[in-house]
Amino acid sequence: MIEFEQAGFSYGGGQILSELDLSIRPGSFHFLTGPSGAGKTTFLRLCYLDLKPTQGRMAVFEQDVARADRDRVARLRQQIGVVHQDCQFLDHLSLRENVALPLQVAGRDARRFDDDIDDLLSWVGLDARSDALPAELSGGERQRAALARAVIMAPEMIVADEPTGNIDWEMGLRVLDLLIELNRMGKTILIATHDLNLIRSAKSQVEAHVLRLRSGRLQQAEVAL
Amino acid sequence: MSRAGVLDLLVGDRQAEKVVPRRGHTVWLTGLAAGIMAFIAVLVLVLALVGNALAARWTAQLDGTATLRVSAPADQVALQTEAALGILQVTPGVTSVRRVPQGEQLALLAPWLGTDLPQDLLDLPVMIDVTLDDPDGAAVQTIRQRLAAEAPGAMLDLHDRWRDPLVDAASTLRGLSMLALVLMLVLTAAMVSLSTHAALSSNAQVVSTLRLIGARDAFIARAFVRRFTLRAGAGALVGMVAALVLLLIARPAGDHVFAGTGLTGWQWLWPLLVPLLIAIVALITTRQTALARLRKLP
Ligand SMILES: Nc1ncnc2c1ncn2[C@@H]1O[C@H](COP(=O)(O)OP(=O)(O)OP(=O)(O)O)[C@@H](O)[C@H]1O
Ligand SMILES: [Mg+2]
């Protein structure tokens, strides 16, 4: 799915990530941890092509990202569902319209997916809130809405940046359950979090790999159960 | 395909437009500016059509009549008149020659000089009415050359001395109007381009979110294209109607020199071109501006 080969990244100042060597296989479940500011968001942004590595090589869906033009990048992003750290909704559209947005952006007629959108909204427990504006949603509702939007295109890969960041433990578990369910359906999952309890909870249900970012480098980490 | 279908194809569908929030004055101002632009453009266009009609009318009045006047020392008049008549009679392209009798000339002068003048007090020149089958043909040249040699006191007047500068003025008017129209369209493009820049800036967050969820630049551009094209087109339509109403009210009537040179019949359709052109310019400009600008984003 995603290959890193001696890849590194810098915003222009210091080196944020270096010597990344990693292959994320289809159907795998990865956690990415590390202290705040370690570069987790930066790493995920590389994965969904919001950034391109400044050193080394990186391929997403077998495509060399260095050679992908803007339209190619857009098409690749349509195949990756992303739950952004700050959710990134369009504030003037309803929850339902936001969830349907990736379909529209990909040139599909969103009206033909009405049933899918309904199913998805009830799957994340938001069927009653579908006409609410993003500003009217609670933190947990936003996270679940973001997850619904991330999967509407039935992507093979889902990348989530702190999907349980601003929500309580119960709600966090619910979001995690949804992600585990997606993984069981064969989707590749990559989650950035510093919540070790969440990782433990996941490890008891699926085979999850834990990656740790420290001083800009990746380590395979063991998390005690 | 339905009308909405054609519209969607041209300027993007309503759903695509909705991804960009309706806020800010840029779109509204674009409509207003396009309206004023169309108003002026229609007036200028009508001016050009009037110039055209005047030029055509004056050209048609060059109907082939000419006057040959002989004024020479008394002992030469008869001789030169004979020579001139001889030249006119043998030149191909001359369809009729008629010497104007003195009595007729006096009658023409009567309004100014009265009828009771002693005839010999006036030294009237000899006048000959000439009809040519083609006033722009070679005959005029031939006649003038031969007159110069054989009857130097004879002058051929094609009645065009008053007309030519007017025709020139009319075609200059037409040229300047066209230039003004083109400049107006350039101005429209500049204004729409500025508005598009402003709209993209004020919606930077929306644009970046759309990019993040996989929108191609063309998709984002379309959201702006529909809005600016429809708004500029609608504004221009209103401006055009206002200009036409004004023209209808202010239309010169009666025996005026401009009478009959206002818009007639199908000419009323010409002004429709103005909002159409403005909408097309808005569409192309918004699209190109948005795409160029989006390409520069990270
Ligand atoms: N756009 C940017 N320009 C310059 N530096 C940046 C930018 N974004 C992040 N950084 C820096 O890069 C480093 C890594 O940031 P990043 O957001 O990837 O950390 P993180 O691990 O996601 O942190 P957190 O757990 O707080 O979300 C930080 O030192 C941050 O200041
Ligand atoms: Mg982060």
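All heavy atoms count here, side chains included; hydrogens, waters and symmetry mates do not. The structure displayed is predicted, hence computed values, not measured ones.
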What distance separates Leu212(B) CG from Arg45(A) CZ, expressed to the nearest 0.5 Å?
-> 8.0 Å
Could you tell me which portion of Ile220(B) (side chain, backbone, both or neither) has an atom closer than 4.5 angstrom to a non-hydrogen atom of chain A?
-> neither
Contacting region of Leu51(A) [heavy-atom separation from chain B under 4.5 Å] | neither
Which members of residues 63-74 of chain A, sorted by number, sit under 4.5 angstrom from chain B on a heavy-atom basis?
-> Arg70(A), Asp71(A), Val73(A), Ala74(A)
Which pairs with one or both residues in residues 288-298 of chain B pass side chain to side chain donor-acceptor pair (under 3.5 Å), sequence neighbours excluded?
-> Ser193(B)-Thr289(B), His197(B)-Arg293(B), Ser201(B)-Arg293(B)
Selection from Gln88(A), Arg75(A), Gln78(A) maximising heavy-atom pairs under 4.5 Å formed with chain B | Gln88(A)
When heavy-atom pairs shorter than 4.5 Å are enumerated against chain B, which of Gln79(A), His84(A), Lys52(A) gives the highest number?
-> His84(A)
What do you reckon, is CZ of Arg25(A) surrounded by more than 12 foreign heavy atoms closer than 6.0 Å?
-> no
Ranked by heavy-atom pairs below 4.5 Å to chain B, first place among Leu93(A), Leu76(A), Leu101(A) goes to Leu101(A)
CG (Leu90(A)) and CD1 (Ile213(B)) are apart, to the nearest 0.5 Å, by 6.5 Å
With only heavy atoms counted, which part of Arg149(A) is less than 4.5 Å from chain B, the side chain, the backbone, both or neither?
-> side chain
Report yes if the side chains of His92(A) and Lys18(B) come closer than 4.5 Å at any heavy-atom pair, otherwise no.
-> no
Minimum heavy-atom separation for Gly214(B) to Arg77(A), with atom names?
-> CA-CB, 3.8 Å
